[in-house]
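Comments concern the structure below.
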Amino acid sequence: MSFSSEAKAELCKLRFDKKSAAVAECYGVLLYASCFSAREARIVTASEEFAARLPRLFRRAFGLEFDKLPEAEKSGKKSFLITDRDKLAHIFNAFGADAGATLTHHVNFGVLEDEGCMEAFVRGAFLAGGSVTDPDKRFHLELATAHQSVSREMYTVLLDLGFSPKESSRQGNALLYFKKADAIADFFTAIGAPVTAMGVMTAKVEREMRNTVTRQINCDSANADKTVAAAQEQLEAIRRYAREVGLENLPEPLHDTALLRITNPEASLADLARLSLPPVSKSCLNHRLKKIMELAEAAE
């Protein structure tokens, strides 16, 4: 089961005790469904849980049954259809609209009596026309509807609930979408899916931890590369000096440092400083190596 399917399954566990909330959820479902007109209302879904919820939801909201239900044994997407004119008129009336006179759908904000109804409305829209990407891959949630005006008015509903979605379009559908983990998690919390919200935040934390570890590894690797490059440069200078002058001609502190570098070709300055007898500071050892490199250059 995909992450989006799991999110819808969690939402479908919610009860609809208040009729007004059931009506609001149906409102979101129908405005984001495959078709909602004076001739038919058609809802298509691949979610088994949403398919099981729809008949109960419509009975609670309108006291009516679908004219056509999907075949129980058939797998894949399931289609629910209402074509009876009296039923469609009843539904339109519940939303404060006239089925015969409606040319363009608009959200009747009067149907959304309170915050609970607004959340139910958004929940219905997500169940019918929403999707969310697996947060382990990327953060993306969207609501898609064929009605441009509905999408603009849904934007207002989301603003009232404290959200600021982005707007776009694709293949004739109007889209509202989120790409931030925090916004997606808050969205699911608001519409009744706290487990899904926790999944999004867990994925965010894990991604941030992986990024931190990767940055640290890259930093350590870069530092190691610098250490090796510096050590090779120092070894070359020591060899040049040994060929041209002879290491025995170096002052004792520099002679000891040269031998220490030769016997520990990959050690860092800090490690060489600790290996010195007696131990010296890192800056002191660095000064000695620079002095050897200057002498080797002068000897050429």
Side-chain angles (χ1 to χ4, degrees), residues 1-12 14 24-36 41-51 53-54 57 76-80 104-107 109 112 117-204 207:
M1 184 182 289
S2 69
F3 188 81
S4 192
S5 297
E6 291 175 353
K8 292 183 179 182
E10 182 183 1
L11 290 170
C12 288
L14 293 174
E25 185 173 325
C26 284
Y27 201 14
V29 168
L30 289 166
L31 291 177
Y32 278 76
S34 299
C35 179
F36 180 40
R42 184 172 65 253
I43 305 162
V44 180
T45 181
S47 169
E48 294 284 347
E49 293 79 9
F50 185 38
R53 182 180 180 83
L54 276 170
L57 180 64
K77 292 186 176 181
K78 300 181 184 299
S79 180
F80 295 79
T104 302
H105 284 294
H106 288 277
V107 176
F109 292 95
L112 312 181
C117 287
M118 287 193 287
E119 291 168 353
F121 175 70
V122 176
R123 178 168 59 250
F126 178 79
L127 287 170
S131 63
V132 60
T133 304
D134 185 341
D136 288 333
K137 297 177 182 177
R138 64 189 181 107
F139 299 116
H140 182 87
L141 180 149
E142 68 180 36
L143 299 172
T145 177
H147 311 294
Q148 298 286 336
S149 55
V150 169
S151 189
R152 288 193 299 269
E153 288 151 4
M154 173 63 85
Y155 186 94
T156 301
V157 174
L158 290 171
L159 282 179
D160 287 344
L161 290 174
F163 298 101
S164 297
K166 302 293 184 180
E167 296 180 275
S168 185
S169 61
R170 183 175 63 242
Q171 297 178 346
N173 286 327
L175 304 180
L176 297 178
Y177 65 93
F178 300 98
K179 284 188 172 293
K180 298 289 187 180
D182 291 348
I184 294 172
D186 289 344
F187 176 91
F188 280 120
T189 299
I191 66 173
V195 175
T196 301
M198 182 61 69
V200 173
M201 293 311 296
T202 298
K204 178 190 176 186
R207 181 180 297 187

Just do the side chain to side chain contact (heavy atoms under 4.5 Å, CB included) check on H106 and V150 with the steps written out, would you? CA-CA 5 Å; H106 288 277; V150 169; over 6 Å; no
Does the side chain of Y155 reach to within under 4.5 Å of the side chain of V157, using non-hydrogen atoms? no
Heavy-atom donor-acceptor pair, R123 side chain to A190 backbone, under 3.5 Å: no
Take L141 and V200, measure what side chain to side chain contact (heavy atoms under 4.5 Å, CB included) needs, and give me the verdict at the end. CA-CA 11 Å; L141 180 149; V200 173; over 6 Å; no
Gap separating the CG atom of L176 from the CZ atom of F126, nearest 0.5 angstrom: 13.5 Å
Is a salt bridge present between E25 and R53, judged by a nitrogen-to-oxygen distance below 4.0 Å? yes
Any side-chain hydrogen bond (donor to acceptor under 3.5 Å, both in side chains) pairs touching residues 170-195, not counting sequence neighbours? H140-K179, E142-R170, D182-K204
Is the side chain of S151 donor-acceptor paired with the backbone N or O of T145 at a distance under 3.5 Å, no angle test? no
Which heavy atom in C12 sits nearest to a heavy atom in L127, and how many Å separate them? SG-CD2, 3.9 Å
Run the side chain to side chain donor-acceptor pair (under 3.5 Å) test against E10 and tell me which residues pass, sequence neighbours left out. T196
What's the separation between atom OG1 in T45 and atom NZ in K77, rounded to the nearest 0.5 Å? 8.5 Å
Non-hydrogen atoms of P135 and G199 that approach each other most closely: CG-O, 4.2 Å
Working to the nearest 0.5 Å, report the span between CG of L11 and CD of E49. 10.5 Å
Can you name the nearest heavy-atom pair linking A41 to L30, along with the distance? CB-CD2, 3.9 Å
I'd like to check F188 versus V195 (side-chain heavy atoms, cut-off strictly below 4.5 Å). Are they in contact? no
For F121, check ring-ring contact (aromatic ring centres under 6.0 Å, His included) against everything at least two apart and list the hits. Y27
Side chain of T202, backbone of M198: donor and acceptor closer than 3.5 Å? yes
Pairwise distance NZ(K78) to CD(E48) - rounded to 0.5 angstrom: 4.5 Å
Does a side-chain heavy-atom distance below 4.5 Å link E153 with Q148? no
What distance separates K8 NZ from S131 OG, expressed to the nearest 0.5 Å? 7.0 Å
Please report the closest heavy-atom contact between T133 and F3, naming both atoms and the distance. O-CD2, 3.9 Å
Just by distance, do the side chain of S4 and the backbone of V132 share a donor-acceptor pair under 3.5 Å? yes
The side chain to side chain donor-acceptor pair (under 3.5 Å) partners of D160 (sequence neighbours excluded) come to none
With sequence neighbours excluded, residues passing ring-ring contact (aromatic ring centres under 6.0 Å, His included) with F36: F92, H105
Check whether any side-chain heavy atom of I43 lies under 4.5 Å from a side-chain heavy atom of S34, and answer yes or no. no
Any heavy-atom pair between the side chains of F163 and V122 that's under 4.5 Å? no
Residue pair F178 / F139, side-chain heavy-atom distance below 4.5 Å: no
What residues form a ring-ring contact (aromatic ring centres under 6.0 Å, His included) with F80, not counting sequence neighbours? F66
How far does CG of L143 sit from CE of M154, to the nearest 0.5 angstrom? 6.0 Å
